[in-house]
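So you know, we letter chains A, B, ... as the sequences are listed, proteins then strands, and number each from 1. This is a predicted model, so every value here is computed, not measured.
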Amino acid sequence: MKRTHHCNELRPTHIGQMVTLTGWVHSRRDLGGLIFIDVRDREGRTQTVFDPSDLPKDLFERAAALRSECVIRVAGKVRQRPEGTNNPKIPTGAVEVMVTELEVLNVADVLPFPVDDPEVASKVNEELRLRYRYLDLRRPEMARNLRLRSKVAMATRQYLDEQGFLEIETPLLFKSTPEGAREFLVPSRVNPGQFYALPQSPQQFKQILMVGGIERYYQLARCFRDEDQRADRQLEFTQIDLEMSFIEREDIYTLVEGMLKRIWKTALNLDVPTPFKRISYQEALNRWGIDKPDTRFGMELVDFTEEFRASKFKVFGGAVASGGVVKALNAKGLASVTQGQIDTMTEYAKGFGAKGLAYIKVEGGEWKSPIVKFFSDAEKASLAQKLKIEEGDLILFAADQWLNACEILGEIRRYCANLLKEQGKLTIPADRFDFLWVVDFPLLSFDKEQNRWYSSHHPFTAPVAEDIPMLKTDPKKVRGQHYDVVVNGVELGGGSIRIHQPDVQKTVFEEVLQIPPEETKLRFGYMLEAFRYGAPPHGGIALGFDRLNAILCGTPSIRDVIAFPKTAKGTDLMTESPAAVTPRQLRDLHIDVKVAKKD
RNA sequence: GGGGGCGUAGCUCAAUUGGUUAGAGCGCUGCCCUGUCACGGCAGAGGUUACGGGUUCGAGCCCCGCCGCUCCCGCCA
């Protein structure tokens, strides 16, 4: 063994023992006649002392020549620190190791950025951190994140194992199913001109596993989507993917609530109350203007459609007359908003096709607004009462078709919340987690350009049983047995009860989605065939594992919980991938590249 | 595909808004220092201001292009 203890282990009980530590030179304090070196490993750090009075000269000189992040092994006796020199900031701060042996296991070049000073290191340009990721990972925050991630994975596996789930791996070399996200293609060498695709999710395999009688499957599954990136989206990511047979929606809710409860307890030692709130898609849009509401603060949307049905203010009255709605929200204490901020919000609204954004600032006992002069006394009274208008408030309106009006105000609600946070008028405790289920999504959405219905979730989502008769008569009213689990405004995951009856599936494919039978067969033939041989009723869910960990770590970017993430352009700055390949490789794969090479 | 932000010493940032030789802290190098833990003190080195053009007597600063990073929209069944 190279070491007898790790660097977060020694305590006063070890005083007098000979120990050996290994690790990195965290910091060196050379006082001339005395050198302190903090040795750091994964667990923590320990102060070691080099005293020339009882050391060979060359050993002392080697210690003096060490620099940050050299890898060393030191041996010596543990002793109590002299009176008044304890360091209460670290757990090993009561003791130190009087070094008698030093082995330099490896020297380190001068670092491109500091890893010892957390204040500086956390501000270092992410580009540099990604290029030298191995140094970045030595920082305590990153080490903590990866450790937490590992614990969460373990808690997930334990929980699902207890619940009778089998962990089963599904292929990464899959088949292209050109619907949904863009896929990564992998050329086949032995089948010229043919390609595998990396899975966007194990969706089809897990349903086949249910037909295969597995009953309960899960996997921490790597998924691939060739779409543009975000702070919470990477080309490759991990999801907790699971599927169960002979269940209903409630069974999934109970299972996932139990799983998240376990995870939060393991990771943060917090007790998450269950069951979670259930909110219909309709209600989520009506109250928060989004299908993944952050319910940690109010500012809910209020409906004024009836009040303004006959309004003299044509923008509102007109919207109602053409089947739309009038909605408003009260951003309490935000009357101090700047014109620039109003403009930003107006741009949001315009982004949704609105012509502008109506508002009222309540300042100095007055309603300051370009539109308030058009309001009747009854309209004003109704606003004041339903929105509880007070001095200092900012009222914002949307008048449009229902979905548009809700979504506009939903965006504005989030923007206002951020402003209030910046101004210190809204604070949300870091350990508050508002979990909820969003349910009763519409099964189908309408594509105006292509003039056809498409699946809101995916074509295997089962309709709510009592809505099945409306599939052919009134598709937009059909609710899907789909559910999303949301925490603090972040979509953690989603899933559904699947269609297991071949005739319903056929109706959805051919009559509702209007996919030609031959195309259905080409894309999903093997699934439909499988369902003919005794498919159990089943359903499942997938939770974004990276997002989950980002939330637990309190970071906005999933890059902070992925060991080797990619940049927004999909490159790995450390390995410099993607990269060109040799003509020989391309020839083997029967590929002819037509784009001019970079460089 | 579109919009916003950023790019100055190894790192984090300045540079009086177009004006002398581009500065500071940390790091680095050398010297001094026996109780530090962000050790301290003295001295020193270190810059193609991402890159390429342009405007100007003069550009880190203005204009055009380009590269990289980042945030957002589209996209993500």
| query | Between residues 46-60 of chain A and RNA chain B, which residues have a heavy-atom gap below 4.0 Å? | reply |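 Listed by number, they are A:Gln47, A:Asp51.
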
| remark: Residues in residues 504-525 of chain A with a heavy atom under 4.0 Å of RNA chain B, by number, are none

| Could a donor-acceptor pair under 3.5 angstrom be found where the side chain of A:Arg81 meets the base of B:C37? |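 When only heavy-atom distances are counted, A:Arg81 does reach the base of B:C37 through a donor-acceptor pair under 3.5 Å.
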
| task | Report yes if a donor N or O on one partner sits less than 3.5 Å from an acceptor N or O on the other, where the partners are the side chain of A:Arg225 and the base of B:C76; otherwise report no. | result | no

Show each protein N/O and nucleotides 48-52 of chain B N/O combination with a separation under 3.5 Å, one pair to a line.
none

| request: Apply side-chain hydrogen bond (donor to acceptor under 3.5 Å, both in side chains) to A:Glu227 and list each qualifying residue two or more places apart in sequence or on a separate chain. | output: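 Counting only residues at least two positions away or on another chain, A:Glu227 forms a side-chain hydrogen bond (donor to acceptor under 3.5 Å, both in side chains) with A:Arg182.
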
| query | With A:Trp453, which residues qualify under side-chain hydrogen bond (donor to acceptor under 3.5 Å, both in side chains), at least two apart? | reply | none

| message | Using a strict threshold of under 4.0 Å (side-chain N to carboxylate O), is an ion pair present between A:Asp546 and A:Arg233? | response | no

| field | Residue pairs fulfilling salt bridge (charged side-chain N to carboxylate O under 4.0 Å, His left out) with at least one residue in residues 513-526 of chain A, sequence neighbours excluded | value |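 Found A:Glu179-A:Arg523, A:Glu519-A:Arg523.
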
| Listed once per pair and sorted, the side chain to side chain donor-acceptor pair (under 3.5 Å) pairs that draw on residues 341-352 of chain A, sequence neighbours left out | A:Thr338-A:Gln341, A:Gln339-A:Asp343

Table of protein N/O atoms under 3.5 Å from nucleotides 69-71 of chain B N/O atoms:
unit_1 : atom_1 : unit_2   : atom_2 : d
B:C69  : OP1    : A:Thr567 : OG1    : 3.1
B:C69  : OP1    : A:Thr571 : OG1    : 3.1
B:C69  : O4'    : A:Glu127 : OE1    : 3.2
B:U70  : OP2    : A:Ala568 : N      : 2.7
B:U70  : O3'    : A:Arg559 : NH2    : 3.3
B:C71  : OP1    : A:Arg559 : NH1    : 3.3
B:C71  : OP1    : A:Arg559 : NH2    : 2.8

| Is the glycosidic torsion of B:U17 within 90° of 0, making it syn, or is it anti? | syn

Output side-chain donor-acceptor pairs under 3.5 Å for residues 484-491 of chain A, partner residues at least two apart or in another chain, one line each.
unit_1   : atom_1 : unit_2   : atom_2 : d
A:Asp484 : OD1    : A:His482 : NE2    : 3.0
A:Asn488 : OD1    : A:Asp434 : N      : 2.8
A:Asn488 : ND2    : A:Arg432 : O      : 3.1

| query | Mind checking what makes salt bridge (charged side-chain N to carboxylate O under 4.0 Å, His left out) contact with A:Arg129, not counting sequence neighbours? | reply | A:Asp136, A:Asp560

When you compare the protein's N or O atoms with those of nucleotides 39-44 of chain B, which come within less than 3.5 Å of each other, and at what distance?
unit_1 : atom_1 : unit_2  : atom_2 : d
B:C39  : N4     : A:Asp30 : O      : 2.4

| Aro-ring/base stack A:Phe113-B:C11, d under 5.5 Å, angle under 30° |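 A:Phe113 vs B:C11: stacking no.
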
| message | So if I define the base as every atom that isn't primed, P, OP1 or OP2, how would nucleotides 2-7 of chain B read as a B/S/- string at a heavy-atom cutoff under 4.0 Å? | response | ------

| What's the CG-P distance between A:Leu34 and B:C37, to the nearest Å? |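 Checked: the CG to P distance equals 12 Å.
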
